[in-house]
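Numbering of residues begins at 1 and proceeds along the displayed sequence.
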Amino acid sequence: PTAIDTPEFIKRIATGNVSGAAETILEANILGHSCASVCPVEVLCAGSCVYNRLGEPPIMIGRLQRHATEYAYDRGLRFFKKGRSTGKRVALVGAGPASLACAHELTRLGHEAVVFEGRKIPGGLNATGVAPYKLHAEEALREVAYVQAIGFEIRMGTRVGIDLSFEQLTSDFDAVFLGMGLGPDSRLDLPGEDLPGCVGAVSLIERLKNEAGFRLPDIHHAAVIGGGNTAIDVVRELKHLGVPRVTMVYRRGEAEMSGYAHELKSARQEGVELCFWAAPIAVEGQGRVSALRCERTRMSASGSLEPIPGSAFTLQADLVVKATGQEKLATLLAGLPGVTLERGRVVVDPATGRAGKSKFFAGGDCANGGKEVVNAAAEGKRAARGMDAFFKAAARPVEREVTV
């Protein structure tokens, strides 16, 4: 998605020019370090390697990318600088990958970028929602510091919509970038869902990443609901933490899972149990979670999912994790002038990231519904260039037709 010139950076590494390789990567994707760790390189880059067509193992592009970017980080190499000031100011909502990529590109173009983040730490899901076995919080924060060193501001603990209104942002800034990602973990509205021991996947991963010494010593069996990549991240992380038994519960079959096959294969190898065609119907327990009640499912003749009568069963578990997605931020964004929402997502021009004819631009999960970090980086950079074109167009003198 960020169009890194992969043959070029590999050639530079092969000739000993690791610094040049890092510059090639970061020129295309300033978040190239985290993308090499958290994105599905087996699909996006190694998956496209020409060696696959020759029946040979693909080049480990993700590892080479991490090597080059770590080389630059360790030596404090910086390849980009702040552009000549244009006098334009942009507010960015959220300090996740989309906003960071956008702010970096805006700064290079000479525009002032100010990022507003409601949390105490920047980085978005890289710092709070990506499983630690892929990317530790310290690594995510190191990348934020590297990106921010170009010279833009991040104001932590400022919740737009609560501490600061959108009306104030549009009044004080020439454009606003929406890069706040998605909301909290989705609810399933199951009986017993609010019992202690029933938690959301993103909130659990945030604790794993940011609470020193976090452990789960009293958990013997964890049930994780979902079939996506977040669910796979959680089951693998729980096994790494030493939970003896971890079961993934998914209402459909393996072929219907949205999670990546190579990640599921690793989960199996690590001892994760898989319970397909099972839909949770209740969380059980007295004062705390002790079991997950499910029923078997099947595809009906019409192609819809349906429960099998009389198939209910109980899965003993002292931890239930909901990994079925995050809430959309429709309530926060509804009513913004010129902004259209579709299924809770901000509708943008795919070429510029602009929302309608407004001063708002958007990228990342709040616009794409929840894709990879590399997509957020690409969309943030695209929006920065869209804003740059927007400012230049507004500055051009209007030619009036003169009638003689």
Side-chain angles (χ1 to χ4, degrees), residues 1-4 9 19 21-39 62 65-83 89-130 134-156 158 177-181 209 353 361-365 372-388:
T2 54
I4 293 174
F9 92 69
S19 172
E23 183 174 6
T24 297
I25 293 164
L26 297 172
E27 173 68 46
N29 180 5
I30 194 62
L31 297 174
H33 180 68
S34 62
C35 287
S37 299
V38 308
C39 289
Q65 185 164 312
R66 285 198 298 274
H67 168 65
T69 53
E70 284 172 0
Y71 181 94
Y73 283 17
D74 292 344
R75 289 158 179 78
L77 303 179
R78 306 209 175 274
F79 309 106
F80 317 108
K81 60 183 180 180
K82 182 182 293 189
R89 303 179 71 230
V90 178
L92 300 95
V93 185
S99 289
L100 293 172
C102 185
H104 187 272
E105 188 70 9
L106 286 168
T107 306
R108 290 186 67 184
L109 293 168
H111 310 306
E112 180 185 352
V114 181
V115 181
F116 296 90
E117 170 58 54
R119 294 177 180 273
K120 295 180 180 179
I121 59 173
L125 290 183
N126 272 358
T128 63
V130 174
K134 289 184 175 179
L135 184 72
H136 289 287
E138 311 88 74
E139 293 179 78
L141 295 177
R142 185 189 190 194
E143 181 175 60
V144 172
Y146 183 87
V147 174
Q148 191 186 1
I150 195 172
F152 62 86
E153 181 183 359
I154 301 179
R155 298 182 187 176
M156 305 303 303
T158 304
F177 178 75
L178 305 174
M180 69 286 288
K209 294 191 75 156
F361 291 73
D365 288 354
E372 307 294 345
V373 174
V374 68
N375 296 95
E379 292 167 16
K381 186 174 182 179
R382 172 196 66 186
R385 294 181 173 179
M387 282 182 261
D388 184 60

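Remark: aromatic rings of Y146 and H33 are distant, center separation not under 6.0 Å.
Nearest approach of A383 to F361, heavy atoms of both residues: O-CD2, 4.1 Å. Contact record, N126 with K209: O-NZ, 2.5 Å, taken as the closest heavy-atom pair. Closest of all the heavy-atom pairs between P122 and A127 is O-CB, 3.3 Å. Residues A68 and A21 come closest through the heavy atom pair CB-CB, 4.1 Å. V115 and G94 get closest at one heavy-atom pair: CG1-O, 3.3 Å. Annotation for K381 and A28: closest pair NZ-O, 3.2 Å, computed over non-hydrogen atoms.
Here R142 does not pair with E70 in a salt bridge; the nearest charged N to carboxylate O distance is not below 4.0 Å.
To the nearest 0.5 angstrom, D74 atom CG is 9.5 Å from T69 atom OG1. A distance of 14.0 Å separates CZ of R108 from NZ of K82, quoted to the nearest 0.5 Å. Annotation: the span from E143 atom CD to Q148 atom CD amounts to 12.5 Å, rounded to 0.5 Å. Rounded to the nearest 0.5 angstrom, F80 CZ and T107 OG1 are separated by 12.5 Å. With values rounded to the nearest 0.5 angstrom, S37 atom OG is found 11.5 Å from L31 atom CG. We find the CD1-CD1 distance between I154 and I121 to be 11.5 Å, quoted to the nearest 0.5 Å.
Checked options L135, V38, D365; the residue passing with L125 is D365 (criterion: side-chain contact (heavy atoms from CB on, under 4.5 Å)).
The closest side-chain heavy-atom distance from L100 to I30 is not below 4.5 Å. For the pair S99 and E117, the minimum side-chain heavy-atom distance is 4.5 Å or more. Contact check for L26 versus F79: side-chain heavy atoms found under the 4.5 Å cut-off.
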Verdict with supporting geometry, F9 and Q65, side-chain contact (heavy atoms from CB on, under 4.5 Å): CA-CA 8 Å; F9 92 69; Q65 185 164 312; 4.1 Å; yes
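Although no hydrogens or angles enter the test, the distance criterion places a donor-acceptor pair under 3.5 Å between the side chain of E379 and the main chain of G364.
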